[in-house]
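This is a predicted model, so every value here is computed, not measured. Start at 1 and go down the list; that is how both ligands and their atoms are numbered.
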Amino acid sequence: MEKLVSSWGNNVKALPHNYIFPPELRPGNNLKISFTTNIPVIDLSELENHHHRFQTIQKIIKASEEFGFFQVINHGVDINLMKETRKVMKELFEMGDEYKQKLYSEDPLKPCRLYTSRPTYATDDNLHLWRDSFIHPCHPLDQWQHLWPQNPTKYREYVGACSVEVKKLASRMLRLISEGVGLECEYFEKGGLSGSMLVSLNHYPACPEPSLTLGVSKHSDPNLVTILLQDYVSGLQVLHNGQWIAVEPLPDAFLVNVGFQLQIISNGRLQCCDHRVVTNSSDARTTAAFFVAPLDDSFIEPAQAFIDEYHPPLFKSFKYKDFRSYYIAEKGDTEVVMESFLA
Ligand SMILES: O=C(O)CCC(=O)C(=O)O
Ligand SMILES: [Fe+2]
């Protein structure tokens with residue numbers, strides 16, 4: 001498969017010209033950032049202790065206000081399931097080219113497909129990302145699982161079990177966030193606000209010239225909340241107060257990040273945050289991003305709880321599918337997307 005980076009990336013000593021980013025967008029010297037400033041790590045087992053419950057919820061809110069990102073440990077998802085899921089994800093990208101060709105598609109309407117760079121690769125300009133991605137819906141499981149690949153043989157079993165657990169974790173995080181900001185506990189379970197979940201398995205092969213390219217360029221996630229399963233290889237960077245900070249990969253943790261919809265519903269109190277992925281020359285990195293999103297016809301607007309005479313709505317009301325189409329058309333440009341949904 002000459003298009004997939006996982007098929008040819010290991011055989012090149014220099015980047016093809018259409019993978020070299022313009023100087024102002026390259027990671028350059030920011031390739032290796034120490035983990036001195038790090039995003040908060042929150043221990044969810046503290047919620048069981050009623051003395052610490054309130055403080056833990058406040059930590060979640062503070063992290064969502066200041067960083068838009070945090071990691072959770074002792075989250076209740078079986079560590080062995082996480083390990084097996086990571087293994088089966090890696091196996092998928094190691095399958096032979098002939099098999100990967102069957103999964104590959106440039107049709108954005110195909111629900112389950114392997115692509116390279118961006119979903120819009122076929123019509124993209126001449127600048128590609130150093131990643132392959134396998135994407136498909138994963139909630140409700142029985143509606144989608146039969147469309148997933150049967151090879152690797154344990155793919156459906158582990159990715160299915162992990163999806164169920166991640167969806168439960170996402171619902172738990174959304175209930176805690178609701179409690180922390182004074183929304184009714186089930187707020188995000190109504191109106192289809194968290195009714196869908198898509199998983200994107202990202203594979204970033206080792207790269208010959210990591211300072212010149214990116215695995216994913218700067219963006220904020222268009223959905224409600226994203227839960228990321230990482231391995232031990234670093235690569236994710238978050239823009240915080242104008243500086244890129246590197247996220248330390250904690251293999252037993254899940255990373256949680258605020259999407260555009262959570263920012264809009266909270267009337268700007270919680271912040272989505274720009275992030276990107278850098279590559280490295282020694283190790284491939286494989287991650288699973290679980291995007292919890294509203295249903296297409298869900299109606300999105302700032303919740304009444306955040307609005308009073310001193311706090312007018314900062315954003316318009318819209319249907320989620322209109323936001324999503326606009327986000328895709330504008331290639332996820334944060335400023336342009338935000339601007340056009342301001343009240
Ligand atoms: O792979 C990662 O670390 C993050 C990927 C990401 O930001 C995304 O898929 O939206
Ligand atoms: Fe993202």
Side-chain angles (χ1 to χ4, degrees), residues 5-6 27 30-31 33 35 38-39 64 67-72 82 85-86 89-90 92-93 108 113-121 128-138 162-163 166 170 196-207 210 213-240 244-251 253-263 271-280 283-293 323-324 327-328 330-334 337-338:
V5 197
S6 55
N30 277 333
L31 197 58
I33 305 171
F35 300 124
N38 216 327
I39 63 162
S64 307
F67 290 84
F69 270 84
F70 55 93
Q71 304 205 62
V72 290
M82 294 169 77
T85 306
R86 278 197 291 262
M89 283 157 45
K90 287 183 186 155
L92 180 88
F93 291 100
R113 69 182 180 115
L114 179 63
Y115 65 87
T116 190
S117 183
R118 299 183 184 81
T120 49
Y121 178 82
H128 299 312
L129 302 171
W130 191 265
R131 81 147 172 198
D132 294 335
S133 194
F134 186 59
I135 193 162
H136 58 69
C138 53
C162 194
S163 301
V166 167
S196 94
M197 187 167 85
L198 203 72
V199 65
S200 170
L201 307 181
N202 300 303
H203 182 69
Y204 313 94
C207 172
T213 196
L214 287 169
V216 180
S217 48
K218 186 177 99 163
H219 70 286
S220 287
D221 292 357
N223 50 304
L224 185 67
V225 68
T226 306
I227 311 272
L228 185 82
L229 172 66
Q230 307 196 73
D231 58 13
Y232 48 83
V233 183
S234 63
L236 180 62
Q237 298 186 341
V238 172
L239 197 57
H240 180 64
W244 287 108
I245 59 172
V247 176
E248 185 174 10
L250 306 172
F254 279 101
L255 182 115
V256 180
N257 74 285
V258 172
F260 269 116
Q261 308 313 312
L262 200 46
Q263 173 159 342
Q271 299 277 333
C272 63
C273 175
D274 281 342
H275 53 285
R276 68 179 185 184
V277 175
V278 299
T279 61
N280 74 82
D283 297 300
R285 177 167 180 263
T286 308
T287 64
F290 293 87
F291 298 107
V292 176
F323 183 96
R324 222 192 37 193
Y327 180 94
I328 295 168
E330 293 300 332
K331 294 195 155 71
D333 185 313
T334 303
V337 173
M338 232 7 147

Do R324 side-chain atoms and P222 backbone N/O form a donor-acceptor pair below 3.5 Å?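 No: the side chain of R324 does not pair with the backbone of P222.
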
Okay, side chain of H275, backbone of C273: is any donor-acceptor separation there less than 3.5 Å?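 Yes, the answer is positive, given that a donor and an acceptor are paired below the 3.5 Å cut-off.
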
Please work out, at 4.0 Å between heavy atoms, whether the side chain, the backbone, both, or neither of T226 comes within that distance of ligand 1.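 Contact part for T226 vs ligand 1: neither.
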
For atom 1 (O) of ligand 1, what is the closest protein heavy atom, and at what distance to 0.1 Å?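 Of every protein heavy atom, Y204 OH, 2.6 Å lies nearest to atom 1 (O) of ligand 1.
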
Looking at V337 and G332, what are the two nearest heavy atoms and their distance?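 That would be CG2-C, 4.4 Å.
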
Taking all heavy atoms of T116 and all of R131, pick out the closest pair and write down the distance.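 Where T116 meets R131 most closely, the heavy atoms are OG1-O, 3.1 Å.
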
Return the name of the atom in [X], of element N, O or S, nearest to the Fe ion (ligand 2).
X	value
H219	NE2
H275	NE2
D221	OD1

Identify, by atom number and element, the atoms of ligand 1 in contact range of [X], meaning under 4.0 Å from any of its heavy atoms.
X	result
V277	1 (O), 2 (C), 3 (O), 4 (C)
H275	7 (O)
N202	1 (O), 5 (C), 9 (O)
F291	8 (C), 9 (O), 10 (O)

Residue selection (non-hydrogen contact nearest atom 6 (C) of ligand 1) among H219, R285, Q237: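 The option holding the nearest heavy atom is H219.
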
Which label fits Y327 and F260: parallel for a plane angle under 30°, tilted from 30 to 60°, or perpendicular past 60°?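 Geometry flag for F260 against Y327: perpendicular rings.
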
Tell me whether the rings of F93 and H203 are parallel (<30°), tilted (30 to 60°) or perpendicular (>60°).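 Ring orientation of F93 relative to H203: parallel.
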
N or O pair under 3.5 Å between Q230 and ligand 1: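 No, no N or O pair falls under 3.5 Å.
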
With a 4.5 Å heavy-atom cut-off, do K218 and W244 have their side chains touching?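 K218 reaches W244 side chain to side chain.
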
Report yes or no: do Q230 and R285 form a side-chain donor-acceptor pair below 3.5 Å?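 Yes - a donor-acceptor pair under 3.5 Å links their side chains.
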
